[in-house]
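Values below: every heavy atom of this structure, side chains too, minus hydrogens, waters and symmetry copies. Throughout, residue positions are numbered sequentially from 1 according to the sequence presented. What you see is a predicted model, and the numbers here were worked out from it, not measured in a lab.
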Amino acid sequence: MTPRDRPPASDPGPAIGGIPLPDSTPAREATELIRDVTDDLIYHHSRRVYLFGACHGRHHGLDFAPKLPYVGALVHGLGLTEKFRTSQQRFELDGADEARVFLTARGIPEDRARLVWEGIALHTTPAIPHHMAPEVAPVTAGVECM
């Protein structure tokens, strides 16, 4: 679905398996970013990470707004792309750093952007994110399901 095909903002937006897909400006722009710098395989993987992570969060009673975990899941692999990869740190940190820049540039407060940074930076470190803020755990949980 392209941005011009999206339902109006008053529409609750699409859902997959009962999991809502956020339709905020950052969510739409994160979708456009990942579509621009990756292929269909990474894009669909990233959406599944969100869906599985959100299911995990619901199952465990985590109270989180879906926007931040959605953006985190979508962009968690940016550090694997040519555009955002550096040779000086792990790909998880490259992706997390870019996510923080992306979110703060769109007016998301630093403390909220930090939650996305933590979720991405720790997404290959099982168990730790589950002891952090509810917005941090879904990215790791989604990756663990893959």
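- With rounding to the nearest 0.5 Å, the separation of CG in Asp36 from OG1 in Thr81 is 11.0 Å.
- For the residue pair Glu135 and Ala65, the shortest heavy atom distance occurs at OE2-N, 4.4 Å.
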- Message: Before you tell me yes or no, could you show the steps for Glu144 and His130 under side-chain contact (heavy atoms from CB on, under 4.5 Å), namely the whole-Å CA-CA distance, both residues' side-chain angles and the distance that decides it to 0.1 Å?
- Response: CA-CA 12 Å; Glu144 289 175 348; His130 302 289; 3.6 Å; yes
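- Here the CD1 atom belonging to Ile128 is positioned 9.0 Å from the OG1 atom belonging to Thr140, to the nearest 0.5 angstrom.
- Val143 has its side chain out of reach of Phe52: every pair of non-hydrogen atoms, C-beta onward, lies at least 4.5 Å apart.
- Residue pairs that meet the salt bridge (Lys or Arg N to Asp or Glu O under 4.0 Å) test with at least one member in residues 70-89, sequence neighbours left out, are Glu82-Arg85.
- Closest heavy-atom contact between Ile108 and Ala113: CG2-N, 4.0 Å.
- Between the His56 side chain and the Gly53 main chain, no donor and acceptor come within less than 3.5 Å of each other.
- With respect to Leu68, the side-chain contact (heavy atoms from CB on, under 4.5 Å) criterion is satisfied by exactly one of Val136, Val116, Val139: Val116.
- Taking all atoms of both residues into account, the shortest heavy-atom contact from Leu115 to Ala133 is CD2-CB, 3.5 Å.
- For the residue pair Thr31 and Arg28, no side-chain donor N or O sits within less than 3.5 Å of a side-chain acceptor on the partner.
- Checked for salt-bridge contact, Arg114 and Glu110 miss the test: no charged N lies under 4.0 Å from a carboxylate O.
- Side-chain atoms of Arg100 never come within 3.5 Å of backbone atoms of Ala96 as a donor-acceptor pair (strictly under, hydrogens ignored).
- Aromatic rings of Phe91 and His123 (six-membered ring for Trp) have centroids within the 6.0 Å cut-off, being under it.
- How far NE2 of His45 is from CG of Asp40: 14.0 Å, rounded to the nearest 0.5 Å.
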- side-chain contact (heavy atoms from CB on, under 4.5 Å) assessment of Tyr50 paired with Leu21: CA-CA 9 Å; Tyr50 167 71; Leu21 299 176; 4.0 Å; yes
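- From Tyr70, atom OH reaches atom CD1 of Ile19 across 13.0 Å, with rounding to the nearest 0.5 Å.
- Put simply, the side chain of Asp39 gets close to the backbone of Ile42: a donor and an acceptor are under 3.5 Å apart.
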- Item | CA sep, side-chain torsions, deciding dist, call: Val75, Phe84, side-chain contact (heavy atoms from CB on, under 4.5 Å) | CA-CA 11 Å; Val75 303; Phe84 298 109; over 6 Å; no
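- Nearest heavy-atom pair across Gly57 and Phe64 is CA-CE2, 3.9 Å.
- Minimum heavy-atom separation, Asp94 to Gly79: CB-CA, 3.7 Å.
- Taking each heavy atom of Val49 and Ala73 in turn, the nearest pair found is CG1-CB, 3.8 Å.
- Here the CD1 atom belonging to Ile16 is positioned 5.0 Å from the CG atom belonging to Leu51, to the nearest 0.5 angstrom.
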- Task: Determine, stepwise, if the pair Leu33 / Leu78 fulfils side-chain contact (heavy atoms from CB on, under 4.5 Å).
- Result: CA-CA 9 Å; Leu33 173 62; Leu78 283 179; 3.7 Å; yes
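- Atom-to-atom distance recorded for Thr125:OG1 and Glu92:CD is 7.0 Å, nearest 0.5 angstrom.
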